[in-house]
Amino acid sequence: MKLTKLGHACWRFEKDGRTFVLDPGSFSGTGLLDGAEAALITHEHVDHLDTNLIKSASPDLEVWTCNGVTNTLGEVPVKIQTVREGDVFDVAGFSVRVIGEWHAPTIPDAPIIQNIGFLIDDRVFYPGDALTDPGVPVETLLAPSNAPWLRVWDFIEYLRMVRPDHAFSTHDGMVNEIGQGMIDNFMTMEGKKQKADMRRLKPGESVEFA
């Protein structure tokens with residue numbers, strides 16, 4: 001399995017010559033769907049869902065997402081599959097289980113929207129915009145490290161709750177170089193405490209797992 005950080009909260013998964021993309025949003029650059037046969041989308045916020053990108057995609061593209069995103073997209077040429085917590089499906093040669101239902105609270109009086117997480121091949125968990133307990137051991141965690149709804153305290157506590165072998169920062173496209181350095185330091189310190197590989201990947205950087 002090859003895992004590539006495309007930008008902000010967008011990741012590319014590759015295995016055996018097949019590819020899907022997770023959360024191709026408008027903060028993550030261009031060419032996000034290049035070579036992908038599917039896209040998994042956690043929720044409807046623009047940094048996770050670029051509606052124009054999906055609307056202009058090949059009609060062969062499969063999109064797996066929650067009902068909130070399906071309603072947001074409306075009529076599009078791609079193949080949309082609506083899923084919810086507990087569903088299991090196969091996409092691009094990967095097995096995926098849906099875990100989680102709701103976005104983290106953001107601002108007072110704002111309604112809480114749907115947000116689903118994905119456990120991929122029982123190895124990699126991405127919670128979207130939430131600190132969802134996967135409820136199972138996780139080898140690799142894509143951990144949100146910066147957001148209007150997130151404190152550093154909660155980020156570290158989440159790493160300690162899940163206790164993955166590997167953790168990579170996600171949702172970090174809104175921080176400058178100073179903030180990136182802080183994330184690097186927090187993850188390095190926590191990785192040493194847990195004796196685990198915890199770090200921030202730069203956009204375009206990849207890791208491979210046997």
Side-chain angles (χ1 to χ4, degrees), residues 1-13 22-23 25 27-28 40 42-43 45 47-48 66 85-86 88 94-107 112-203 205-210:
M1 179 193 300
K2 182 179 180 181
L3 181 60
T4 303
K5 172 77 171 291
L6 297 184
H8 186 56
C10 185
W11 297 79
R12 175 179 288 125
F13 289 75
L22 174 62
D23 275 1
F27 292 8
S28 296
L40 276 57
T42 60
H43 65 285
H45 286 160
D47 55 327
H48 298 257
C66 63
E85 183 174 33
V88 178
F94 293 82
S95 173
V96 181
R97 187 184 347 159
V98 180
I99 300 176
E101 297 181 89
W102 301 108
H103 194 287
T106 52
I107 59 176
I112 297 177
I113 65 170
Q114 289 181 319
N115 174 90
I116 55 176
F118 298 107
L119 178 64
I120 297 136
D121 276 355
D122 291 321
R123 301 180 68 184
V124 181
F125 181 58
Y126 178 51
D129 275 10
L131 301 179
T132 305
D133 183 351
V136 295
V138 169
E139 178 184 322
T140 300
L141 176 67
L142 304 182
S145 61
N146 177 268
W149 49 268
L150 180 64
R151 301 182 301 168
V152 172
W153 177 289
D154 300 318
F155 169 53
I156 299 300
E157 285 291 290
Y158 189 52
L159 293 173
R160 293 180 180 181
M161 176 182 70
V162 180
R163 301 195 70 83
D165 297 325
H166 309 274
F168 302 111
S169 165
T170 192
H171 211 279
D172 52 20
M174 296 182 287
V175 297
N176 60 17
E177 291 183 0
I178 296 172
Q180 292 169 2
M182 293 177 67
I183 292 171
D184 291 340
N185 289 338
F186 289 135
M187 297 197 80
T188 296
M189 289 188 295
E190 191 58 30
K192 289 180 179 179
K193 286 181 182 292
Q194 296 193 33
K195 296 181 172 58
D197 173 27
M198 296 185 175
R199 51 197 164 100
R200 179 180 60 89
L201 300 183
K202 298 177 182 178
E205 191 174 353
S206 302
V207 290
E208 296 192 43
F209 302 103

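Quick note: numbers below take in every heavy atom, side chains included, and nothing from hydrogens, waters or symmetry partners.
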Engineer: Flag the pair Leu142 / Lys5 as yes when at least one side-chain heavy-atom distance between them is below 4.5 Å, and no otherwise.
Structural biologist: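 Not in contact.
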Engineer: What residues form a ring pair (Phe, Tyr, Trp, His ring centres under 6.0 Å) with Phe27, not counting sequence neighbours?
Structural biologist: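 Listed in chain order: His8.
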Engineer: Is there a side-chain contact between Arg200 and Phe186 in this structure, where contact means two heavy atoms from C-beta onward sitting under 4.5 Å apart?
Structural biologist: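 A side-chain contact under 4.5 Å is absent here.
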Engineer: Identify the two heavy atoms, one from Ala167 and one from Pro164, that lie closest to each other, and give their separation to 0.1 Å.
Structural biologist: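 Reported closest heavy-atom pair: CB-CG, 3.9 Å.
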Engineer: I'd like to know whether CE of Met189 has more than 12 heavy-atom contacts from other residues, nucleotides or ligands below 6.0 angstrom.
Structural biologist: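 Yes, CE of Met189 has more than 12 neighbouring heavy atoms, counting only those of other groups under 6.0 Å.
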Engineer: Measure the acute angle between the ring planes of His45 and His43, then classify it against the limits of 30° and 60° as parallel, tilted or perpendicular.
Structural biologist: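 Geometry flag for His43 against His45: perpendicular rings.
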Engineer: If you compare all heavy atoms of Met161 against all heavy atoms of Leu131, which two are closest, and at what distance to 0.1 Å?
Structural biologist: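 Result for this residue pair: CE-O, 4.2 Å.
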Engineer: Determine the minimum heavy-atom distance between Ala196 and Asp165, stating which atoms define it.
Structural biologist: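 Reported closest heavy-atom pair: CB-O, 3.5 Å.
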Engineer: So do Val124 and Phe13 actually touch side chain to side chain, heavy atoms under 4.5 Å?
Structural biologist: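 In short, these two side chains touch, coming nearer than 4.5 Å.
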Engineer: So, does Asp197 use its side chain to make a donor-acceptor pair with the main chain of Thr140 at under 3.5 Å?
Structural biologist: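 Judged by distance alone, no pair lies under 3.5 Å.
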Engineer: Is the closest basic N to carboxylate O distance between Arg123 and Glu139 below 4.0 Å?
Structural biologist: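 Yes, this pair counts.
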Engineer: Hey, mind stepping through Gln114 and Trp102 against side chain to side chain contact (heavy atoms under 4.5 Å, CB included) and telling me if it holds?
Structural biologist: CA-CA 5 Å; Gln114 289 181 319; Trp102 301 108; 3.9 Å; yes
Engineer: Would you give the length of the straight line joining atom CG of Asp133 to atom CZ of Phe125, rounded to the nearest 0.5 angstrom?
Structural biologist: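 So the gap between those two atoms works out to 8.0 Å.
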Engineer: Taking C-beta and beyond as the side chain, do Arg160 and Glu190 meet within less than 4.5 Å on heavy atoms?
Structural biologist: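 In contact.
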Engineer: So which atom in Pro144 and which in Leu150 form the shortest heavy-atom distance, rounded to 0.1 Å?
Structural biologist: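 Scanning both residues completely, I find the closest heavy atoms to be O-CD2, 3.1 Å.
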Engineer: Rounded to the nearest 0.5 Å, how far apart are CE of Met198 and CG of Leu159?
Structural biologist: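 The distance works out to 5.0 Å.
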Engineer: Which pair of heavy atoms, one from Pro105 and one from Ile112, lies closest together, and at what distance?
Structural biologist: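 Closest approach of Pro105 to Ile112, heavy atoms only: CG-CD1, 4.1 Å.
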Engineer: Of all residues at least two apart in sequence or in a different chain, which pass the side-chain contact (heavy atoms from CB on, under 4.5 Å) check with Ala104?
Structural biologist: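 side-chain contact (heavy atoms from CB on, under 4.5 Å) list for Ala104, sorted by chain: Trp149.
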Engineer: Can a donor-acceptor pair be found, under 3.5 Å and without considering hydrogens, that links the side chain of Asp121 to the backbone of Ser95?
Structural biologist: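 Present.
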Engineer: Working to the nearest 0.5 Å, report the span between CD1 of Ile183 and OG1 of Thr170.
Structural biologist: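 So the gap between those two atoms works out to 10.0 Å.
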Engineer: CG/Asn115 to OG1/Thr42 distance, rounded to the nearest 0.5 angstrom?
Structural biologist: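 The OG1 atom of Thr42 is 5.0 Å from CG of Asn115, to the nearest 0.5 Å.
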Engineer: Measuring only between side-chain heavy atoms, which start at C-beta, is Phe118 closer than 4.5 Å to Val98?
Structural biologist: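 In short, these two side chains touch, coming nearer than 4.5 Å.
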Engineer: To the nearest 0.5 angstrom, please state how far the NE2 atom of His48 sits from the OG atom of Ser28.
Structural biologist: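 His48 atom NE2 to Ser28 atom OG measures 8.0 Å (nearest 0.5 Å).
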Engineer: Specify the closest pair of heavy atoms between Gly100 and Glu85, including all atoms of both residues, with the distance to one decimal.
Structural biologist: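 Scanning both residues, the minimum pair turns out to be N-OE2, 3.3 Å.
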Engineer: The test is side chain to side chain contact (heavy atoms under 4.5 Å, CB included); show your working for Tyr126 and Asp23 and say whether it passes.
Structural biologist: CA-CA 10 Å; Tyr126 178 51; Asp23 275 1; 3.3 Å; yes
Engineer: Could you check Gln180 against Lys202 for side chain to side chain contact (heavy atoms under 4.5 Å, CB included), going step by step and ending with a plain yes or no?
Structural biologist: CA-CA 10 Å; Gln180 292 169 2; Lys202 298 177 182 178; over 6 Å; no
Engineer: Show the numbers, then the answer: is there a side chain to side chain contact (heavy atoms under 4.5 Å, CB included) between Leu141 and Tyr158?
Structural biologist: CA-CA 10 Å; Leu141 176 67; Tyr158 189 52; 3.9 Å; yes
Engineer: Among all residues two or more places apart in sequence or in another chain, which pass the salt bridge (Lys or Arg N to Asp or Glu O under 4.0 Å) test with Asp122?
Structural biologist: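 Result, salt bridge (Lys or Arg N to Asp or Glu O under 4.0 Å) vs Asp122: Arg97.
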Engineer: What is the distance from atom CG of Asn146 to atom CE of Met174, rounded to the nearest 0.5 Å?
Structural biologist: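 If we round to the nearest 0.5 Å, Asn146:CG and Met174:CE are 5.5 Å apart.
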